[in-house]
Amino acid sequence: MTTLVFLEHHEGKLEKDSLGVLSKAASLGDEVEAALLGFRVEDLAAEAGRYGPTRVHVADDELLAAPLPQPRVDVLEALVRDGGFHTVLFAASVLSADVAAALAARLDAGLNWDLTDLVLEDGKLVGKRPALGDSVYVDVGWTSEPRLALIRSGTFEPAETGGSAEVERFESRFQDFSLAARMVEQAHEESEGPSIEDADVIVAGGRGLGGPENFALVEELAKALGGAVAATRAVVDAGWYPYAAQVGQTGKTVSPKLYVACGISGAIQHKVGMQGSGVIVAINKDPNAPIFEYADLGVVGDLHEILPKLTELVRARKAA
Amino acid sequence: MKIAVCAKFVPEAAAHPRIDPLTKRLDRSGEGTLNQFDVHAVEEALRLKEASGEGESEVVIVSVGPERALEAMRKALAMGADRVLLVSDEGAAGSDLVATSRLLAAALEREEADVVLFGQQAGDSDGAVLWAAVADRLRRPLISQVAELTQEDGKLRGKRQTEYGYDVIEAPLPAVIAVSDAINEPRYPSLKGIMGAKKKPQERVSLGDLGIAAGEAGEAGSRTEVYGLGDPPSRGDTVKIEDDGSAAEKILQFLLEKKAL
Ligand SMILES: Cc1cc2nc3c(=O)[nH]c(=O)nc-3n(C[C@H](O)[C@H](O)[C@H](O)COP(=O)(O)OP(=O)(O)OC[C@H]3O[C@@H](n4cnc5c(N)ncnc54)[C@H](O)[C@@H]3O)c2cc1C
Ligand SMILES: Nc1ncnc2c1ncn2[C@@H]1O[C@H](COP(=O)(O)O)[C@@H](O)[C@H]1O
């Protein structure tokens with residue numbers, strides 16, 4: 001069985017999650033090769049070679065300079081058809097999710113997503129997928145080849161094998177529609193913000209705050225607790241709080257001793273950024289909010305009532 | 001301008017959705033609703049329609065799902081969408097990404113919309129992937145995760161967040177756009193809208209109507225399968241309380257117990 005791993009990179013560096021998936025694939029005992037697509041990326045191939053692949057296919061083309069999914073689908077389609085890969089693995093990201101799903105349609109291939117493990121059971125590849133807000137673990141498989149999979153971010157750690165890989169150049173050919181979308185501006189960070197990664201205590205706010213002005217409630221509690229303030233993508237996208245403070249799949253990964261989630265539904269993409277927290281407290285007015293599945297203390301109630309009181313109590317306690 | 005919105009019928013969170021251990025499919029027998037993430041796509045479609053001038057545009061809701069999905073789709077009609085096209089067929093049950101994207105693309109081919117909108121994710125599958133498969137089948141440019149959408153000289157511009165910050169991507173029409181839940185604040189249907197919704201066209205089509213063979217949909221047309229179900233690892237004791245006015249005291253107490261202060 002041969003496996004192809006799609007390697008993602010940003011500003012001249014390979015993504016840790018991609019290398020983690022590469023290491024995992026190698027550990028399953030398959031023959032593993034990697035696909036590196038971009039513009040002037042050949043230097044990265046040698047580094048990738050240290051994580052287990054026997055070969056790194058490099059598609060180097062100016063039309064692959066911007067991280068847009070559709071041109072990458074054209075290249076991977078040709079590569080998979082030529083190479084006869086049985087399995088194609090992706091570390092989940094905004095880019096690779098689009099690439100993987102389009103490739104599934106192109107190749108009439110099964111795609112399983114959000115996997116947190118891959119195992120061989122009687123020689124058969126099985127994916128482990130937490131579903132329905134992680135409330136049930138599902139064993140998933142594929143009924144045909146190639147098997148495509150997206151691995152949840154932060155799942156596998158890279159492990160160097162000390163080996164090296166053959167580097168092979170691959171010519172890219174593109175369909176017209178794949179080149180129709182154009183990157184106008186790339187990876188622009190909106191504003192500077194505080195660092196939240198080292199904080200012992202984090203108080204996070206979501207759309208349940210009702211408006212940007214109510215971040216004051218979260219800030220006050222954070223101040224009283226001596227912690228930092230974080231936010232969900234929904235409120236960052238809406239411009240209520242800076243991107244630097246966002247926790248989750250496309251934001252920061254944090255593991256404070258205490259995480260207080262206020263008005264946050266608890267989507268998986270948020271959870272992956274804070275599940276390593278020591279103690280999780282959630283305040284949400286909807287008793288069915290997914291966050292209650294993984295909060296150590298879940299409080300069903302209105303944050304506008306609870307937060308000011310809690311801030312007062314914490315202040316009084318600290319003063320005593 | 002013609003705008004199609006792909007919308008899904010999903011189980012209500014309050015109905016505590018579960019996977020049926022026998023069929024290993026999501027149990028869809030409980031109460032269902034229009035996927036909340038898709039309401040944002042409907043709202044964005046209505047805004048595009050309104051911006052294009054009275055009478056010039058149409059918003060059509062396209063859905064693959066059981067027959068009773070029609071009722072849930074009425075919410076979109078009440079908000080202002082013009083009609084619904086539902087692909088509903090016994091043979092479509094159990095469709096995975098490959099099969100669902102095939103059905104949806106076939107229905108969308110019929111509509112020839114200038115813009116096809118998707119929501120951020122289906123609340124029951126959490127895939128956030130379907131649009132890419134559909135865009136590939138339709139051979140159209142795609143912009144996903146769009147938090148801000150603008151239109152200029154027949155092109156759409158989407159601002160979207162990735163792991164590294166914000167991208168701005170431009171695509172000519174016809175295009176496929178998937179919006180994030182932060183793109184807008186959806187309107188509530190007016191009483192008049194609710195009254196009028198029932199009378200708007202609601203068409204149901206079968207696989208045959210779309211020219212799709214039985215082997216191309218449902219489990220036969222799918223390329224993934226489910227072997228078994230298990231319990232998630234336990235996170236230890238989780239406590240859930242209702243605020244009766246003393247929640248703040250209880251949180252403080254809990255933090256002291258856990259030595260988290
Ligand atoms: C590819 C991808 C990447 C993503 N990356 C991230 C990421 O990095 N980080 C992230 O956070 N999200 C991310 N998301 C988005 C994620 O799926 C959710 O949409 C988002 O986290 C929701 O934010 P929220 O909880 O603030 O808003 P909502 O889901 O709208 O939840 C608001 C909550 O507030 C509650 N509420 C309302 N009023 C009150 C009140 N008065 N008192 C108490 N509670 C109240 C409501 O009951 C609700 O549960 C990503 C999505 C995708 C598809
Ligand atoms: N059965 C369906 N019918 C129509 N649209 C759907 C269906 N399933 C998913 N979608 C659309 O695809 C988006 C992403 O779904 P998913 O990739 O399943 O998370 C949703 O927000 C909807 O816009």
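Hydrogens, waters and symmetry mates are skipped; everything else that's a heavy atom, side chains included, is used. In this text the structure is predicted, and so the values were computed from the model without any measurement. Below, chains carry the letters A, B, ... as their sequence lines are ordered, and counting in each starts from 1.
Heavy atoms closer than 4.5 Å to chain B are found nowhere in D114(A), neither backbone nor side chain. With a 4.5 Å cut-off on non-hydrogen atoms, Q275(A) touches chain B through its backbone but not through its side chain. Of the atoms belonging to L156(B), not a single heavy atom falls under 4.5 Å from chain A. R139(B) touches chain A through backbone and side chain together, each having a heavy atom under 4.5 Å away. Proximity to chain B involves both the backbone and the side chain of A104(A), based on heavy atoms less than 4.5 angstrom apart. In this structure, chain B has no heavy atom under 4.5 Å from any part of E77(A). For K124(A), the part sitting under 4.5 Å from any heavy atom of chain B is the side chain, from C-beta outward, and nothing else. For R18(B), the part lying under 4.5 angstrom from a heavy atom of chain A is the backbone only. Only the side chain of L68(A) comes within contact range of chain B, with heavy atoms under 4.5 Å apart. Residue contact with chain B, scored on non-hydrogen atoms closer than 4.5 Å, is absent for E145(A). With a 4.5 Å cut-off on non-hydrogen atoms, A109(A) touches chain B through its backbone but not through its side chain. For I183(B), no part sits under 4.5 Å from any heavy atom of chain A, backbone or side chain. Residue I143(B) does not touch chain A at all, counting heavy-atom pairs closer than 4.5 Å. With a threshold of 4.5 angstrom between heavy atoms, S153(A) does not approach chain B through any atom at all. The parts of V129(B) that come within reach of chain A are both its backbone and its side chain, each placing non-hydrogen atoms under 4.5 angstrom from that chain. Neither the backbone nor the side chain of L103(A) comes within contact range of chain B, judged by heavy atoms closer than 4.5 Å. For S125(B), the parts lying under 4.5 angstrom from a heavy atom of chain A are both the backbone and the side chain. Contacts of Q186(A) with chain B are made by both backbone and side-chain atoms, with heavy-atom separations under 4.5 Å. Contact annotation for L26(B): only side-chain heavy atoms (C-beta onward) come within less than 4.5 Å of a heavy atom of chain A. Looking at K309(A), both its backbone and its side chain come within 4.5 Å of chain B, counting heavy atoms on both sides. Looking at L148(A), there are no atoms closer than 4.5 Å to chain B (heavy atoms on both sides), in backbone or side chain. In this structure, chain B has heavy atoms under 4.5 Å from both the backbone and the side chain of V236(A).
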Apply side-chain contact (heavy atoms from CB on, under 4.5 Å) to residues V184(A) and R157(B) and explain how you reach the verdict. CA-CA 9 Å; V184(A) 178; R157(B) 234 176 216 225; 3.7 Å; yes
Between V300(A) and D243(B), does the side-chain contact (heavy atoms from CB on, under 4.5 Å) criterion hold? Intermediate values first, please. CA-CA 6 Å; V300(A) 183; D243(B) 183 20; over 6 Å; no
Evaluate side-chain contact (heavy atoms from CB on, under 4.5 Å) for Q269(A) paired with Q121(B), printing each intermediate quantity in order. CA-CA 11 Å; Q269(A) 295 92 345; Q121(B) 65 204 83; 3.3 Å; yes
Chi angles and distances behind the side-chain contact (heavy atoms from CB on, under 4.5 Å) call for T224(B), T143(A): CA-CA 6 Å; T224(B) 54; T143(A) 56; over 6 Å; no
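Contacts with chain A were tallied for K259(B), E170(B), K250(B), Q120(B); E170(B) has the most, counting heavy-atom pairs under 4.5 Å. Residue with the most contacts toward chain A among G230(B), A147(B), A171(B), G158(B): G230(B) (heavy-atom pairs, distance under 4.5 Å). Each of A295(A), P130(A), A131(A) has some count of heavy-atom pairs under 4.5 Å with chain B, and the biggest count is that of A295(A). Of the listed residues (E305(A), K257(A), K318(A), R317(A)), the one with the most heavy-atom contacts under 4.5 Å to chain B is R317(A). Contact count versus chain A (heavy atoms, under 4.5 Å) is highest, among I241(B), L229(B), N184(B), for I241(B). Chain A forms the most heavy-atom pairs under 4.5 Å with one residue out of D231(B), L142(B), L97(B), and that residue is L142(B). Interface summary for chain B: among I283(A), D286(A), I280(A), the most heavy-atom pairs under 4.5 angstrom belong to I280(A). The residue among L256(B), L261(B), V134(B) with the most heavy atom pairs within less than 4.5 Å of chain A is L256(B).
The distance from the CG atom of L95(A) to the OG1 atom of T162(B) is 9.0 Å, given to the nearest 0.5 Å.
By the 4.5 Å heavy-atom criterion applied to side chains, D296(A) and F254(B) are counted as neighbours. Counting heavy atoms from C-beta on, the side chains of V98(B) and L111(A) never come closer than 4.5 Å. Between L297(A) and K240(B) there is no side-chain heavy-atom pair separated by less than 4.5 Å. Side-chain contact between F292(A) and T238(B) is absent, with no heavy atoms from C-beta onward closer than 4.5 Å. Annotation: side chain of V126(A) is in contact with side chain of Y227(B) (closest heavy-atom distance under 4.5 Å). Here the side chains of L258(A) and K258(B) are not in contact, with every heavy-atom distance at 4.5 Å or above. Taking the side chain as every heavy atom from C-beta outward, D139(A) and V226(B) never approach each other to under 4.5 Å. Put simply, the side chain of V140(A) does not reach to within 4.5 Å of the side chain of E225(B), judged on heavy atoms.
The shortest non-hydrogen separation linking A128(B) to A97(A) is O-CB, 4.4 Å. Summarising the geometry of P141(B) relative to A181(A), their closest heavy-atom pair is CB-N, 3.9 Å, with the distance given to 0.1 Å. Across all non-hydrogen atoms, the minimal contact from A180(A) to P172(B) is O-CD, 3.3 Å. In plain terms, the two heavy atoms of A247(B) and V299(A) that are nearest each other are CB-CG1, 3.7 Å. Contact record, Y164(B) with H9(A): OH-O, 4.5 Å, taken as the closest heavy-atom pair. The heavy-atom pair separating A133(B) from A101(A) by the smallest distance is CB-O, 3.5 Å.
Side-chain N/O atoms of D98(A) and S144(B) include a donor and acceptor closer than 3.5 Å. Using modelled atom types and a 3.5 Å distance limit, the side chains of Q145(B) and R233(A) yield a donor-acceptor pair. Side-chain contact, D126(B) with W113(A): no donor N or O sits under 3.5 Å from an acceptor N or O. Side-chain atoms of T250(A) and E163(B) include no donor-acceptor pair closer than 3.5 Å.
Classification of D237(A) and K159(B) as a salt-bridged pair fails, no side-chain N sitting under 4.0 Å from a carboxylate O.
Checked against side chain to side chain contact (heavy atoms under 4.5 Å, CB included), L313(A) has the following partners two or more places apart in sequence or in another chain: A248(B), E249(B), L252(B).
Atom CG of D176(A) is surrounded by 12 or fewer heavy atoms from other residues, nucleotides or ligands within 6.0 Å.
Ring geometry, Y243(A) versus Y166(B): the interplanar angle exceeds 60°, so the pair is classed perpendicular (tilted spans 30 to 60°).
Not a single donor-acceptor pair under 3.5 Å links the side chain of R223(B) to the backbone N or O of R147(A).
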